[in-house]
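One structure is given here, and the rest of the page talks about it.
A, B, ... follow the sequence lines: proteins, then strands. Residue 1 opens every chain.
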There are 2 protein chains.
Amino acid sequence: MSGRSQTIAETLTRAIIDHRLVPGCKLGERELAEIFDVSRIVVRQALIRLADDGLAQIERNRGAFVARPSMQEALEIYDALTLVEQGVAAQLSDRLGPAGWAELRHHVERQRQAVAAGNDALADVLGQEFHTVFVRLSRNKVMQEIHAQLVRRTTLLRSLITADFDYCNLLDDHSRVVDLLEKGRLKQAMDLIDTHHRTVVRGYIMDREVFPELTPAEALAPYLDGKAEGATTAVPLARPAKAPGDAATHLHIHLPKKDPAPASRASTKKTNRGLQS
Amino acid sequence: MSGRSQTIAETLTRAIIDHRLVPGCKLGERELAEIFDVSRIVVRQALIRLADDGLAQIERNRGAFVARPSMQEALEIYDALTLVEQGVAAQLSDRLGPAGWAELRHHVERQRQAVAAGNDALADVLGQEFHTVFVRLSRNKVMQEIHAQLVRRTTLLRSLITADFDYCNLLDDHSRVVDLLEKGRLKQAMDLIDTHHRTVVRGYIMDREVFPELTPAEALAPYLDGKAEGATTAVPLARPAKAPGDAATHLHIHLPKKDPAPASRASTKKTNRGLQS
DNA sequence: ACCACAAGATTGGATATCAATCAATAAGTT
DNA sequence: AACTTATTGATTGATATCCAATCTTGTGGT
């Protein structure tokens, strides 16, 4: 693409949405420059991109930090997300052809199979992807980018909450939305989208104080395999979930810190599956 | 705020939405560095911000240019804008209190008076501002920023078209939208918003070849009055339309070039008033 | 315990320099 | 003359070094 700062911004974005860099984490210029083996200026350009995206905030003479959205901002992000997806739903109910409906159904089916097979990691990814596919079918790249940015920001919020109730009732929402839309029941579909997001955000209890985390060097290590491939698409596209074992333990590092009990991993998985769908 | 690059990015943005820098215009790093009396690095950071905002595009090893949206992108931008404003309309019809309706009516009334007084410049500004006020009443800053970005990008499109039919029938749309919304006729209001934007974009005939323009130095000169005040808000807020004579002749420099007749200024004004409302 | 001041660290920015790439001209060939 | 190729020039991407302003921290005195 455009240069190293773009690549670095994408890597940092990936690390943030993978919850390896949590809100509030300091993103020091010198530190990142050493990690990525570039000059401070390139890092700064990457940080500017992140800040424009809402994923980082730069405080003058204090440096850049992973953004720590307030509860108010969380509500606004989900409000905006609801607005966008409702609007797209309205467009699709008019304009979507059979191939589009088939793609949505196929996606839902894949997620259902993943759930049935107990592959929680895959179900997580597919659950997130559904929203992306949904918006992509609007064939509006501008809208896609807006939506993708909002989704990225919601992943920030998931590091800031303690969710301990059951989200399983949300798992079928995707399927029901497709059903309602294809049957032309637009109003009901829009209400369901609204409820879907409202149920998620209602579970948000933000305790924004303590967040122990990995150092940036540890967090970013998995993305820096081969420097030769770093310039291509290999590193940004590599999902740490594919790395067996290692990534899984780090993925929700903030929860083990809050709840020292090692048995918390299974329940964490379940909770996050609901959150991401 | 954050530093000089932020200020420079805002100045460039202002120059672009004032049509002093037109799509395709080269934004050379060295040139801008001399104009703003900063180093190339700061300029590049500003250009990155502009590119992230969709107002500039950076081509590797070729430099930055004011973005030249395609017809497809123009349609997508207006589609997204329609979606956002329809969604906000739906929210406002539920949640907006009497004070909000009063503010909308007051704004429409101010625009009506400006039109009646023949103050086309003020009517232009108020016509644009209505959409901004409308979205602001949603009390969602995230949505506001998304909408503001879309609006900025539509101003780019206005440099790329030749509009020679009458837009006067759109001048009352704002008032009618407020009326319909306050009466609870949401569906009709949303349809009117859709029609409003569709009518605008339907007049777009993009002839994207020839665009003679001011040099960046000439275009940016009005924003660089006092360097002492440059860091504050004085310069970015100064609208060149307030500068008597000089700015008006430059404002739509692309039209005089296409139509050498010097009498074109009055008709140009009228056309743009419709476009911006 | 509390405040003031000094030292250190970090950011924001400037300057100079270098390599890589693109554009445009000049040269040579058919 | 037209076309292709090579050289030159200009611009960008990036680095290293340096400096000023600001923030943080730690120390010392009251």
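By the salt bridge (charged side-chain N to carboxylate O under 4.0 Å, His left out) test, Glu73(B) is found to be paired with Arg153(B), residues two or more places apart in sequence or in another chain being considered. Under the side chain to side chain donor-acceptor pair (under 3.5 Å) criterion, Gln57(B) pairs with no residue, sequence neighbours left out. Applying the side chain to side chain donor-acceptor pair (under 3.5 Å) rule to Arg30(B) yields no partners; only residues at least two apart in sequence or on another chain are considered. Not counting sequence neighbours, the partners of Val151(B) by the side chain to side chain contact (heavy atoms under 4.5 Å, CB included) test are Leu81(B), His147(B), Thr154(B). With sequence neighbours excluded, no residue satisfies side chain to side chain donor-acceptor pair (under 3.5 Å) with Arg139(B). Taking Thr132(A) as the reference, nothing meets the side chain to side chain contact (heavy atoms under 4.5 Å, CB included) condition, with sequence neighbours excluded. With sequence neighbours excluded, the residues forming a side chain to side chain donor-acceptor pair (under 3.5 Å) with Glu145(A) are Arg152(A), listed by chain and number.
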Identify each atom pair where a protein N or O and an N or O of nucleotides 7-12 of chain D are less than 3.5 Å apart, giving names and distance.
{"unit_1": "dT12(D)", "atom_1": "OP1", "unit_2": "Glu29(B)", "atom_2": "N", "d": "3.1"}

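Ile41(A) places its CD1 atom 14 Å from the C1' atom of dC18(C), with the value rounded to the nearest Å. The separation between Asp37(A) atom CG and dG13(D) atom C1' is 16 Å, rounded to whole Å. Protein atom CD of Gln45(A) is 15 Å distant from nucleotide atom P of dT11(C), rounded to whole Å. One can place CD of Glu34(A) at 14 Å from C1' of dA9(C), the figure rounded to the nearest angstrom. Here the P atom of nucleotide dG13(C) and the CZ atom of Phe36(B) are 14 Å apart, to the nearest Å.
Overall bending of the helix from dA1(C)-dT30(D) to dT30(C)-dA1(D), expressed as the angle between end axes built from five pairs apiece, is 10° (10° steps).
By the 4.0 Å N-to-carboxylate-O rule, Asp53(B) lies too far from Arg49(B) to be salt-bridged with it.
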